[in-house]
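First up is the structure itself, then whatever we jot down about it.
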Amino acid sequence: MKIDTQTYQSRRERLMQSLPENSVVVIRTGELATRNNDCEYEFRPHSSFFYLTGFPEPSAYAIIGSDGEMTLVTLPKDPEKEQWEGFRFGKQGAIKNFGANDAADLDQLDDVMVTALNGTANVVYLFNDSVLREKIAGWRDALAARARAGAIAPTQFTDVGPFIAEMRLFKDVEEVAIMEAAAQISVEAHKQAMRSVRPNMKEYQLEAELNYVFMKSGARQPAYNNIVASGSNACILHYVKNDELIKDGDLILIDAGAELGCYAADITRTFPANGKFSEPQATLYQVVLDAYYAGMKHLTVGNPYEACHNAAVRTLTEGLVAHGLLSGDVDLLIESKAYRDFYMHNTGHWLGLDVHDCGAYKIAGESRLLEVGMVLTIEPGLYVSADNKSVDEKWRGIGIRIEDDVLIRADGPYVLTHGLAKEIRDIEALMAQSR
């Protein structure tokens, strides 16, 4: 699945329309990262660079002018290097395949940039890119040194991050199609894990089932490090060791999503290694599921973003009190955040090119209102530490999270990760098919 070059052009035009006159945007994709010695990690372009260009290669720069016109500075065509490292688009490929108005080889970067910035009032770039910040300072100084010859150095500098973040928050039709495809690949991977799990497997053996489905289905890598946590490991929110033995009676928490076309899916499911929830596991699982449904009711246009979280927190706290893990008045327990001993994260986040995608959660200090085209996760959970002596022993070491990806539509929330069991009976029925 591929986004049309005209879509990227439209994004660049909209970005420039949101900026002051006489601005130039400069953004880079990043460099190959060394894994060990002379071996590199597979390259993945910077999300905002990719959002504006679609260009997939390392060491590239994009210069965007007032009408959205783009110059790409890229690695040059080099038959010898391409023999070892693979195909490069080069200047002609940048123009032909990515809609660049002009292109140059990387060794021409300084000349191209000094020309582009001469007479420009405002240079717009990602302030958190320290490498680019240093380069821009050098290009500015080079222009300032030529002032007597008529060169005009820029005097204003603007962070492009908030402007791109606001654009990326609202997904277009092409993005939604890719994200739903990534979500459905992830759904199939989770189903495969539920069917395949057996006590006495290693967590990484179960992880292999996920990666197999991802890659077989066209997603070359996960969107983030897979979490495959058995037993009390599920109480570690970002557990990624995935190397312990899965025991009979364990719950398995899998938080994993495929990346497709640089877009992320993000799913969590919790299920029993032996195919049957124990009574304590089922009790707490139902509390989390009830919180999921309570939060989902608030994922509608015009509702504050935080309404979903607040509804989930109330349901979780009521459940903790009902089953004796907390005691006291529910309102006071929420006010004092006593529930955070068992639920210490938010009930979701924006989703897109990054799994924790960019975009403001508050506007002028108030929770922003949900709008059509936003995509976010909903992910309530409960985590009872194995060392928590304040609760009955039967609850200790139980970690549960349920997570789906949701598109905000005018007619209500649409679950992109549809088709994956989350009711207890449905999970047990799916697992029973392979036993």
Side-chain angles (χ1 to χ4, degrees), residues 1-3 8 27-62 72-90 93-94 97-98 105-106 126 128-132 168 175 178-179 181-186 188-190 192-193 203-228 238-243 254-267 351-358:
M1 306 180 82
K2 189 176 180 181
I3 293 175
Y8 292 109
I27 191 167
R28 70 187 186 101
T29 187
E31 307 297 327
L32 286 167
T34 300
R35 183 185 186 277
N36 58 299
N37 195 20
D38 57 353
C39 297
E40 283 109 9
Y41 288 102
E42 182 178 357
F43 181 71
R44 199 274 193 187
H46 187 282
S47 294
S48 288
F49 177 93
F50 189 79
Y51 179 78
L52 294 173
T53 70
F55 192 73
E57 293 180 3
S59 305
Y61 291 73
L72 277 176
V73 181
T74 73
L75 291 170
K77 295 291 290 181
D78 185 327
E80 183 175 352
K81 285 189 177 294
E82 289 180 66
Q83 174 71 57
W84 287 90
E85 299 170 2
F87 173 81
R88 293 178 180 177
F89 283 102
N97 296 282
F98 298 94
D105 290 338
L106 187 60
L126 290 169
N128 62 5
D129 186 341
S130 59
V131 172
L132 187 54
R168 283 174 52 187
E175 289 178 292
I178 295 171
M179 292 185 70
Q184 287 304 302
I185 290 170
S186 305
E188 293 306 314
H190 279 260
Q192 177 67 13
E203 292 165 339
Y204 57 72
Q205 291 176 302
L206 193 54
E207 181 182 17
E209 300 288 343
L210 298 167
N211 290 334
Y212 170 73
V213 175
F214 288 167
M215 297 186 75
K216 180 183 177 183
S217 305
R220 287 278 286 110
Q221 57 272 317
Y224 51 96
N225 291 328
N226 297 325
I227 297 170
V228 182
H238 290 165
Y239 174 82
V240 293
K241 286 201 311 139
N242 301 351
D243 63 355
I254 292 184
D255 187 337
E259 180 177 284
L260 188 67
C262 288
Y263 285 85
D266 186 5
I267 299 177
L351 184 70
L353 284 165
D354 293 308
V355 68
H356 295 135
D357 211 29
C358 57

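A heavy-atom distance below 4.5 Å is found between the side chains of Phe49 and Ile27. Side chains of Asp255 and Ile267 form no contact here, defined as non-hydrogen atoms less than 4.5 Å apart. Counting heavy atoms from C-beta on, the side chains of Arg44 and Gln221 never come closer than 4.5 Å.
Listed for the Arg28 side chain is no donor-acceptor partner under 3.5 Å among the backbone atoms of Ala60. A distance-only check finds no donor-acceptor pair linking the side chain of Asp354 to the backbone of His356 [under 3.5 Å].
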Evaluation steps, side-chain contact (heavy atoms from CB on, under 4.5 Å), between Arg88 and Lys81: CA-CA 9 Å; Arg88 293 178 180 177; Lys81 285 189 177 294; 3.3 Å; yes
Pair Thr53-Tyr8, side-chain contact (heavy atoms from CB on, under 4.5 Å): steps then yes or no: CA-CA 6 Å; Thr53 70; Tyr8 292 109; 5.7 Å; no
Leu132 vs Tyr61, side-chain contact (heavy atoms from CB on, under 4.5 Å): CA-CA, chis, key distance, verdict: CA-CA 10 Å; Leu132 187 54; Tyr61 291 73; 3.9 Å; yes
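Between the side chains of Tyr263 and Glu175, at least one donor-acceptor pair of N or O atoms lies under 3.5 Å. In this model, a donor atom of one side chain and an acceptor atom of the other lie less than 3.5 Å apart for Tyr239 and Glu203. Checking Arg168 against Ser48 by side-chain atom types alone, a donor-acceptor pair falls below 3.5 Å. Under the 3.5 Å distance criterion, with hydrogens and angles disregarded, no donor-acceptor pair is assigned to the side chains of Asn242 and Asn226.
Taking every heavy atom of both residues into account, Ala258 and Ala219 meet most closely at CB-CB, 3.7 Å. A pairwise comparison of heavy atoms in Phe214 and Ser186 identifies CE2-CA, 4.0 Å as the closest pair. Taking all atoms of both residues into account, the shortest heavy-atom contact from Pro56 to Phe98 is CD-CZ, 3.6 Å. Thr74 and Ala94 make their closest contact through CG2-CB, 4.3 Å (heavy atoms, listed as atom of the first residue, atom of the second, distance). Here the closest heavy-atom approach between residue Leu260 and residue Ile178 is recorded as O-CG2, 3.2 Å. Of all heavy-atom pairs spanning Gly261 and Phe50, the tightest one is O-CE2, 3.7 Å.
Distance check, rounded to the nearest 0.5 Å: SG of Cys262 to NE2 of His46 gives 11.5 Å. Here CE of Met215 is found 12.0 Å from CD1 of Ile185. Values are rounded to the nearest 0.5 Å. The CG atom of Asn225 sits 14.5 Å away from atom NZ of Lys241, with the distance rounded to the nearest 0.5 Å. Interatomic distance, CD of Gln192 versus CG of Asn211, reported as 12.0 Å (0.5 Å rounding). Between the CG atom in Leu210 and the NE2 atom in His190 there is a gap of 6.0 Å [rounded to 0.5 Å].
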Which donor-acceptor pairs under 3.5 Å do side chains of residues 29-38 form with protein atoms, sequence neighbours excluded?
unit_1	atom_1	unit_2	atom_2	d
Glu31	OE1	Ser59	OG	2.5

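In this structure, Phe43 places its CZ atom where more than 12 heavy-atom neighbours from other residues, nucleotides or ligands lie under 6.0 Å away. Residue Lys216 qualifies as open at atom NZ: its count of foreign heavy atoms under 6.0 Å is 12 or below.
With salt bridges taken as basic N to acidic carboxylate O contacts below 4.0 Å, none links Asp105 and Lys77.
Note: Phe55 and Phe89 have tilted aromatic rings, judged against thresholds of 30 and 60 degrees for the angle between ring planes.
Legend: residues meeting side-chain contact (heavy atoms from CB on, under 4.5 Å) with Glu188, ordered by chain and number and at least two apart, are Lys191, Val213.
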